[in-house]
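What follows is a single structure, written as structure tokens, with notes after it.
Predicted model only: the values in this text are computed from it and were never measured. Below, read A as the first sequence line, B as the second, and so on, with proteins coming before strands; counting in each chain starts at 1.
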Protein chains: 2
Amino acid sequence: MLYLLKRSSKDIKNSNIKKKTTIKDIANVLNISAAAVSKALHDDSRISAKTKKAVRQVAKNLNYQPNHLASALRSGKSNLVGVIVPRTNSNFFSSVIENMEEVLNKEGYNIIITQSNESYKKECDSIDTLLFTQVDGIIASMANETIDLKYYEKVKSKGIPLILFDRGENDLNVDYIGINDYESSHMIVEHLIKQGCKRIAHIGGYKRTRIFNNRIRGYVDAIKKHSLPLDDELLVESNLTIKDGRAKMQQLLKLNHRPDAVYVAGDYAALGALQILNEQNINVPDDIALVGFGDEPFTSMVTPSISSINQHSAEIGKLAAKTFLDHAKQSSVKQLLNKIILDAELVVRASSKKVSK
Amino acid sequence: MLYLLKRSSKDIKNSNIKKKTTIKDIANVLNISAAAVSKALHDDSRISAKTKKAVRQVAKNLNYQPNHLASALRSGKSNLVGVIVPRTNSNFFSSVIENMEEVLNKEGYNIIITQSNESYKKECDSIDTLLFTQVDGIIASMANETIDLKYYEKVKSKGIPLILFDRGENDLNVDYIGINDYESSHMIVEHLIKQGCKRIAHIGGYKRTRIFNNRIRGYVDAIKKHSLPLDDELLVESNLTIKDGRAKMQQLLKLNHRPDAVYVAGDYAALGALQILNEQNINVPDDIALVGFGDEPFTSMVTPSISSINQHSAEIGKLAAKTFLDHAKQSSVKQLLNKIILDAELVVRASSKKVSK
DNA sequence: CTTAACTGCTTAAACGTTTAATCAACTCTT
DNA sequence: AAGAGTTGATTAAACGTTTAAGCAGTTAAG
């Protein structure tokens with residue numbers, strides 16, 4: 001009596017939830033072993049073409065979906081790649097991610113995106129989360145705040161492939177994909193000089209972040225190279241938000257000896273700077289020329305349109321994904337190290353194109 | 001001899017890769033069973049306080065990290081929640097995600113973010129990916145393109161909790177969190193009327209998307225209610241990008257009888273509209289008042305600042321997460337249905353604040 | 001004709017947990 | 001002092017795969 005009760009309640013459950021079909025169900029249908037089915041589905045050379053075909057047919061009929069957790073557990077591979085970015089709400093990062101995803105999906109990998117919001121703590125949490133989820137690799141762009149690299153060292157020490165892009169860190173000695181920031185600064189400065197600018201300011205990012213430091217070094221060296229004035233007051237450090245772009249532009253306008261060109265290390269801050277210039281009826285580019293960095297879509301939509309550096313986000317995303325795949329494919333022992341530095345491209349727009357020239 | 005060889009080769013391996021510590025290692029140290037360790041870590045009532053304490057201590061010493069895959073496989077729960085959004089590169093969506101993540105992380109869930117890029121196909125792929133990854137639930141905002149709901153039905157039929165936010169769909173009959181779009185339109189129209197506007201245009205989103213349809217209905221009804229002119233030419237459909245905002249604004253300016261106010265259903269399109277107005281030296285708000293939708297941060301940074309509707313993105317994210325947790329916690333049988341409609345808030349800024357009044 | 005190699009499969013163990021079913025040893029009740 | 005209940009553990013099976021090892025049957029080589 002008790003048994004009957006139990007069984008009937010179980011039956012109700014079963015009829016509701018309809019168990020997923022497993023490899024065993026397929027094996028039962030064909031009267032072969034589960035192992036054979038597994039091998040057939042993986043196109044193992046030791047399984048006959050006939051069996052493979054039959055297995056695939058039955059799998060389709062039963063709407064078989066492989067249990068990712070089981071295979072991940074057994075094989076030790078989750079087929080998941082973790083991605084850490086400061087924020088996804090810029091075109092640069094969302095484009096990088098989109099292209100990474102495309103490449104990785106093709107090889108059977110899925111991605112988990114996490115945002116650090118430029119916070120060191122959140123970045124550490126993200127790393128822990130990703131390690132917990134047993135990702136097969138991590139592709140990251142570091143938060144501005146991050147100085148202590150111990151969490152990234154932890155990833156390395158676990159033998160999980162780590163690829164950095166854009167915001168990298170030399171000391172870590174891992175794969176890196178980015179653009180030539182130093183050279184980009186040269187391009188910008190030389191472009192501005194060609195337009196007749198003689199006093200070029202730079203609203204730069206945080207000095208301790210490598211890419212921004214490279215941009216600053218590039219700016220300084222280019223200015224020196226062309227014997228232009230290199231005043232301390234012309235070089236300011238910023239967090240590169242719209243808001244701070246406004247503040248730093250206001251600061252530059254207060255100078256006794258104003259610049260006739262401003263090179264801003266980020267487009268959002270460049271937009272803020274442009275707003276101030278427009279509000280104060282300062283003609284751009286004739287009074288002050290402006291160049292941004294990143295080629296965010298809005299740069300071409302504002303008035304005047306902002307010259308900027310195209311960072312090849314799509315390319316970066318694809319290369320980062322491919323670099324991971326290189327690691328994943330080969331045995332863990334051989335450790336190749338990729339440092340890919342792409343040439344960036346200066347897109348000249350109205351904000352730095354002097355018609356008077 | 002053979003044994004010795006095998007062992008030594010194994011030892012080399014171990015010293016290199018240093019195996020992760022498992023529940024068994026802890027059990028061995030304490031001379032108890034693995035099951036006891038598992039229960040201790042889960043704070044089972046049948047394990048003594050002393051044992052629990054010891055287990056936790058050893059776990060810490062050995063730097064034990066639970067194997068998520070194994071527990072997920074055994075328990076049938078992956079503790080992963082899938083999130084699908086059109087794009088992450090707006091403040092609205094990234095803020096929603098950030099807050100969702102916060103709530104879910106606290107309960108031990110992690111999230112997998114995927115972007116549909118407004119493409120129906122990519123949305124379907126995302127759903128398949130998430131199902132494959134065995135997420136415990138899906139929280140989504142639908143792509144503009146999506147009309148066919150069969151993929152979402154698939155999620156429902158698998159018994160996986162599905163929660164929609166912002167871009168939902170009535171026919172699906174699932175939980176939904178959003179704002180009162182219809183009422184928001186009323187607020188905007190009435191605000192503009194108070195400013196003295198008599199001819200109000202609406203650059204709306206796609207009619208077939210429910211939220212945009214509600215905004216359009218709200219606009220139409222509010223106009224009717226106050227006996228203002230309701231010309232077909234004043235109501236235009238847009239994809240709400242910056243670019244299309246520009247195009248649709250230009251279209252409105254070509255009318256014989258120009259509007260004196262424009263209500264745009266999205267901030268990016270409102271920005272495009274503002275650019276055109278600025279370029280053509282049309283005074284905002286005196287000649288034409290402007291109101292956007294979404295309260296993206298840049299609305300307060302442009303000149304003039306754009307009035308907009310605050311959608312309470314943080315709230316939406318948190319509520320969506322909580323709604324999922326409600327489902328996750330209770331047995332699958334009882335199916336409660338939440339439709340949460342938040343009141344939005346009109347943030348009045350320079351673009352619709354007539355000083356002449 | 002024997003040995004070797006290949007083909008196509010099966011068996012069984014393993015991945016690291018969770019959990020139902022037991023069990024031994026106590027502590028109360030009555 | 002026997003039965004009932006509680007406490008704190010153990011055992012063993014299970015989750016759905018993958019994979020090393022093995023085995024029967026066929027083919028090829030010497």
Side-chain angles (χ1 to χ4, degrees), chain A residues 2-3 6 9-10 13-14 17 19-55 59 62-80 108 131-134 136, chain B residues 2 6 9-10 13-14 17 19-55 59 62-79 108 131-134 136:
Chain A
L2 223 151
Y3 260 107
K6 225 176 176 180
S9 89
K10 217 175 186 179
K13 240 187 186 168
N14 282 349
I17 303 184
K19 290 265 277 147
K20 282 189 194 158
T21 70
T22 74
I23 227 170
K24 272 186 186 166
D25 299 326
I26 300 176
N28 286 339
V29 170
L30 295 171
N31 261 319
I32 56 177
S33 71
V37 174
S38 173
K39 284 179 185 162
L41 291 172
H42 285 91
D43 212 25
D44 190 293
S45 62
R46 301 291 293 272
I47 300 291
S48 72
K50 196 167 66 174
T51 305
K52 279 181 191 169
K53 200 175 164 189
V55 166
L62 297 184
N63 190 28
Y64 168 72
Q65 299 284 119
N67 185 321
H68 157 256
L69 296 171
S71 70
L73 173 61
R74 175 60 232 245
S75 64
K77 310 192 71 277
S78 69
N79 275 35
L80 248 38
L131 292 179
F132 174 74
T133 317
Q134 325 242 142
D136 290 343
Chain B
L2 222 150
K6 226 178 176 178
S9 89
K10 219 176 185 177
K13 242 188 185 166
N14 281 349
I17 305 186
K19 288 265 277 146
K20 282 189 194 157
T21 71
T22 75
I23 226 168
K24 272 187 186 166
D25 299 327
I26 301 177
N28 285 339
V29 170
L30 295 170
N31 261 318
I32 58 177
S33 71
V37 174
S38 173
K39 284 178 185 163
L41 291 172
H42 286 90
D43 211 24
D44 190 292
S45 63
R46 301 293 291 274
I47 299 291
S48 72
K50 195 168 66 177
T51 306
K52 279 179 192 170
K53 199 175 166 189
V55 165
L62 299 183
N63 190 27
Y64 168 71
Q65 299 283 120
N67 185 320
H68 157 255
L69 296 171
S71 71
L73 173 61
R74 175 59 232 243
S75 64
K77 311 193 75 273
S78 68
N79 275 31
L131 292 179
F132 173 74
T133 316
Q134 324 240 143
D136 290 342

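- Residues A/S78 and A/Q134 approach most closely at OG-O, 2.6 Å, considering heavy atoms.
- Protein atom NZ of B/K52 is 12 Å distant from nucleotide atom P of D/dT7, rounded to whole Å.
- Checking C/dC9, D/dT11, C/dG8 against the side-chain heavy atoms of A/R46 singles out C/dG8 as nearest.
- Residue A/S71 holds its OG atom at 9.5 Å from NZ of A/K77, rounded to the nearest 0.5 Å.
- Taking five base pairs at each end of the helix from C/dC1-D/dG30 to C/dT30-D/dA1, the local helix axes there meet at an angle of 40°, rounded to 10°.
- Remark: P of C/dC9 and CG of A/L30 are 11 Å apart, rounded to the nearest angstrom.
- One atom, CG of B/D44, and another, P of D/dG8, lie 11 Å apart when rounded to the nearest Å.
- Between A/I47 and A/V55, the closest side-chain pair of non-hydrogen atoms is not below 4.5 Å.
- Here the P atom of nucleotide C/dT10 and the CD1 atom of A/I26 are 14 Å apart, to the nearest Å.
- Taken from CZ in B/R46 to NZ in B/K39, the straight-line distance is 7.5 Å, to the nearest 0.5 Å.
- Taking side-chain N and O atoms only, B/S48 has a distance below 4.0 Å to OP1 or OP2 of D/dA9.
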- request: Could you check A/N63 against A/T21 for side chain to side chain contact (heavy atoms under 4.5 Å, CB included), going step by step and ending with a plain yes or no?
  value: CA-CA 7 Å; A/N63 190 28; A/T21 70; 5.7 Å; no
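- From B/L62, atom CG reaches atom CD1 of B/I23 across 12.5 Å, with rounding to the nearest 0.5 Å.
- For the atom pair A/L73 CG and B/N67 CG, the distance stands at 6.0 Å (nearest 0.5 Å).
- For A/D43 and C/dT7, the CG to P distance is 15 Å, given to the nearest whole Å.
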message: Can you build the contact string for nucleotides 13-19 of chain D? Use B for base contact, S for sugar-phosphate-only contact, and - for no protein heavy atom under 4.0 Å.
response: BBBBBBB
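- Scored by the side-chain contact (heavy atoms from CB on, under 4.5 Å) test, A/T133 finds A/L80, A/I112, A/T129, B/H68, B/L80, B/N110 as partners (sequence neighbours excluded).
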